[in-house]
*Asks:* 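Quick one: this structure, given as structure tokens, is what I'll be asking you about.
It should be emphasised that the depicted structure is a prediction, and the values quoted were computed from it without experimental measurement. By convention in this document, chain letters (A, B, ...) are assigned in the order of the sequence lines, proteins followed by strands, and residues within each chain are numbered from 1.
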Amino acid sequence: MTDPSATRTTALDATHRALGATMTDFAGWDMPLRYGSEREEHLAVRSAAGLFDLSHMGEITLTGPQAAQLLDFALVGNLSKLAVGRARYTMLCDEDGGILDDLIVYRLDDQEYLVVANAANAQTVLDALRERQDGFGAEVRDDREGYALIAVQGPAAAGILKQLTAFDVDGLRYYAGERDMVADKPALIARTGYTGEDGFELFVAPEDAVAVWEALTAAGEDAGLVPCGLSCRDTLRLEAGMPLYGHELSTSLTPFDAGLGRIVKFEKATNEGRFVGRDALAAAARKAEDAPPRKLVGLVAEGRRVPRAGYPVVASDGSVVGEVTSGAPSPTLGKPIAMAYVDAAVAAPGTEGVAVDIRGSHEPYEVVALPFYKRG
Amino acid sequence: MSNPEQLRFSKEHEWLSHAEDGVATVGITEHAANALGDVVFVQLPEVGEDVTAGETCGELESTKSVSDLYSPASGEVTEVNQDVVDDPALVNSAPLEGGWLFKVKVSELPDDLLTADEYATFASGA
């Protein structure tokens, strides 16, 4: 038995239970997996809108005159160049270049940043930022208890949000976030998400979460907004070709291995260009150029059996040429899809003879470029 | 087969209809269907195949996982539900009716099948 007190619940826990959600443990949090059919939730986000509780995500606030310099040193991105009100996808790496977490960083003010970490890695990120803060005039604050996070995602999201705020929703760019009011509650309104659709993430005080959730539910009723669990969040991000830590990303991979080398900025304006992992990442960048490691590709099934993380990818002679990192039936494509790291020799889209070993049966798969789905 | 009171249940969450002419219908329970989530692929035994109580005879794929299908009785498979092969969502929408999986000419019934009440208690984890 696991200690029940070890499982954390969000401010919306009673709301989920009242909605009849199937709950699941996710990184120590009791989270909604789905409310009804995860396929219908997925399709609602693609065609209308979905409402998500993402309060398990880990928020860390950095403030101070050298908060920007600290982030340039601690992360792989160029966060001192981030404009106030904008957001960036970046990573925290160790000295060896291995990925400790992938992050979204919002610059809330000249001397204030919000770092959003994966639930499972939030403590690692907090510890790393604190270890790396020596000598910088910056405060690192654990804000995990300070926020509930509600996402409204899908083509109808902007229209729904507009009913609840005087804020210029249309004027907010993708990967931007600003503080304003939603349903008369203070909120950081961010145009970010993990679904491949237009959408918003609303950081609110936990005590305001139920009111904001209920206001969104009411405002979205006519547009077809439905509550959505983590199950469809996973298939949405998979279709959108977005990596998930613990699947496509891990400490044994560098951003270059994951095909995300472009987020590593070697030319930084601060700290004379020094940052944690720089040397290892420079070597990884050269290796990616000269002798590319396995590449992350998409696989689309010809049959109906679903590949799962860890299944081997095999060539026509049966030799193992890669490994599936995520796989699921794609509600949008109507067939199973997967992301996999495969040898460069079979990584080109259209490569013949690639199969996934699904419990001993070699099922044919087509190699495709990511993403599987791009919004029109 | 719509009256669960007349069904028998296995601890692997299959149901089995009363076999008056020796042929029983097999499906998975509503509890199991809910736990699986949307079923997207079913692999069933073949007609004429001998299945053994408590042993795997197929599989069910859902969004999150793949689960083995266990036969709740021993015997020869006489029919499989082609509708559920074509539309696996029937397992979720009507697990006790249109989502039945296969029929088996029962040669032997295990003695540890549960009644509806016993299964409800078992499935609730009590």
Side-chain angles (χ1 to χ4, degrees), chain A residues 1 4 20-26 31-45 228-239 244 247 301-311 324 326-338 356-361 363, chain B residues 12-13 27-46 49 51 55-71 80-99 101-102 119-120 122-126:
Chain A
M1 281 284 292
T22 299
M23 306 296 285
T24 188
D25 178 85
F26 187 84
M31 298 299 294
L33 180 65
R34 54 188 143 79
Y35 298 83
S37 155
E38 63 264 24
R39 183 174 170 278
E40 281 165 28
E41 291 169 19
H42 179 116
L43 295 173
V45 173
C228 291
L230 294 184
S231 181
C232 81
R233 182 169 152 87
D234 190 43
T235 48
L236 287 160
R237 69 92 196 168
L238 175 59
E239 285 184 351
L244 173 62
H247 288 254
E302 291 169 27
R304 290 168 76 180
R305 300 177 100 206
V306 184
R308 309 287 178 182
Y311 286 9
V324 171
S326 297
S330 161
T332 305
L333 275 65
K335 40 189 158 183
I337 58 172
V356 177
D357 182 341
I358 298 186
R359 300 180 297 283
S361 159
E363 303 278 335
Chain B
E12 283 89 22
H13 305 284
I28 68 163
T29 66
E30 191 167 4
H31 172 83
N34 288 342
L36 284 175
D38 291 334
V39 175
V40 296
F41 172 73
V42 297
Q43 186 184 50
L44 300 175
E46 289 179 17
E49 190 177 328
V51 292
E55 294 194 358
T56 64
C57 61
E59 59 188 34
L60 300 167
E61 296 249 22
S62 62
T63 302
K64 277 289 177 200
S65 65
V66 58
S67 306
D68 285 324
L69 173 66
Y70 296 88
S71 182
V80 297
N81 185 358
Q82 191 57 41
D83 289 347
V84 88
V85 172
D86 296 339
D87 180 14
L90 282 170
V91 174
N92 297 102
S93 60
L96 302 182
E97 296 173 354
L101 299 176
F102 63 91
Y119 176 72
F122 171 74
S124 69

*Asks:* Among A/Arg308, A/Arg39, A/Arg305, A/Arg304, which residue has the highest count of heavy-atom pairs closer than 4.5 Å to chain B?
*Replies:*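 If we count pairs closer than 4.5 Å to chain B, A/Arg308 comes out on top.
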*Asks:* Would you call A/Arg34 and B/Asp38 a salt bridge, taking side-chain N to carboxylate O under 4.0 Å as the test?
*Replies:*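 Judged by the 4.0 Å cut-off on N to carboxylate O distance, A/Arg34 and B/Asp38 do not form a salt bridge.
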*Asks:* Please check if the number of heavy atoms outside B/Glu59 that lie under 6.0 Å from its CD is greater than 12.
*Replies:*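 Correct, the count exceeds 12.
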*Asks:* A/Thr235 versus chain B, heavy atoms under 4.5 Å apart: side chain, backbone, both or neither?
*Replies:*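 Looking at A/Thr235, just its side chain touches chain B.
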*Asks:* Between B/Ala89 and chain A, with a heavy-atom cut-off of 4.5 Å, which part of the residue counts as in contact: side chain, backbone, both or neither?
*Replies:*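 Neither part, no heavy atoms under 4.5 Å.
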*Asks:* I need the B/Lys64 NZ to A/Asp234 CG distance, nearest 0.5 Å.
*Replies:*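 Here the rounded value is 3.5 Å.
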*Asks:* Could you measure the distance from the CD atom of A/Glu41 to the OG1 atom of B/Thr63? Nearest 0.5 Å is fine.
*Replies:*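 Reported to 0.5 Å precision, the distance equals 10.0 Å.
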*Asks:* Kindly indicate, with the supporting measurements, whether the criterion side-chain contact (heavy atoms from CB on, under 4.5 Å) is fulfilled by A/Val306 and B/Val66.
*Replies:* CA-CA 8 Å; A/Val306 184; B/Val66 58; over 6 Å; no
*Asks:* Inspect the contact between B/Glu61 and A/Arg359 and indicate whether a charged nitrogen and a carboxylate oxygen are less than 4.0 angstrom apart.
*Replies:*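 Here A/Arg359 pairs with B/Glu61 in a salt bridge, since their nearest N and O are under 4.0 Å apart.
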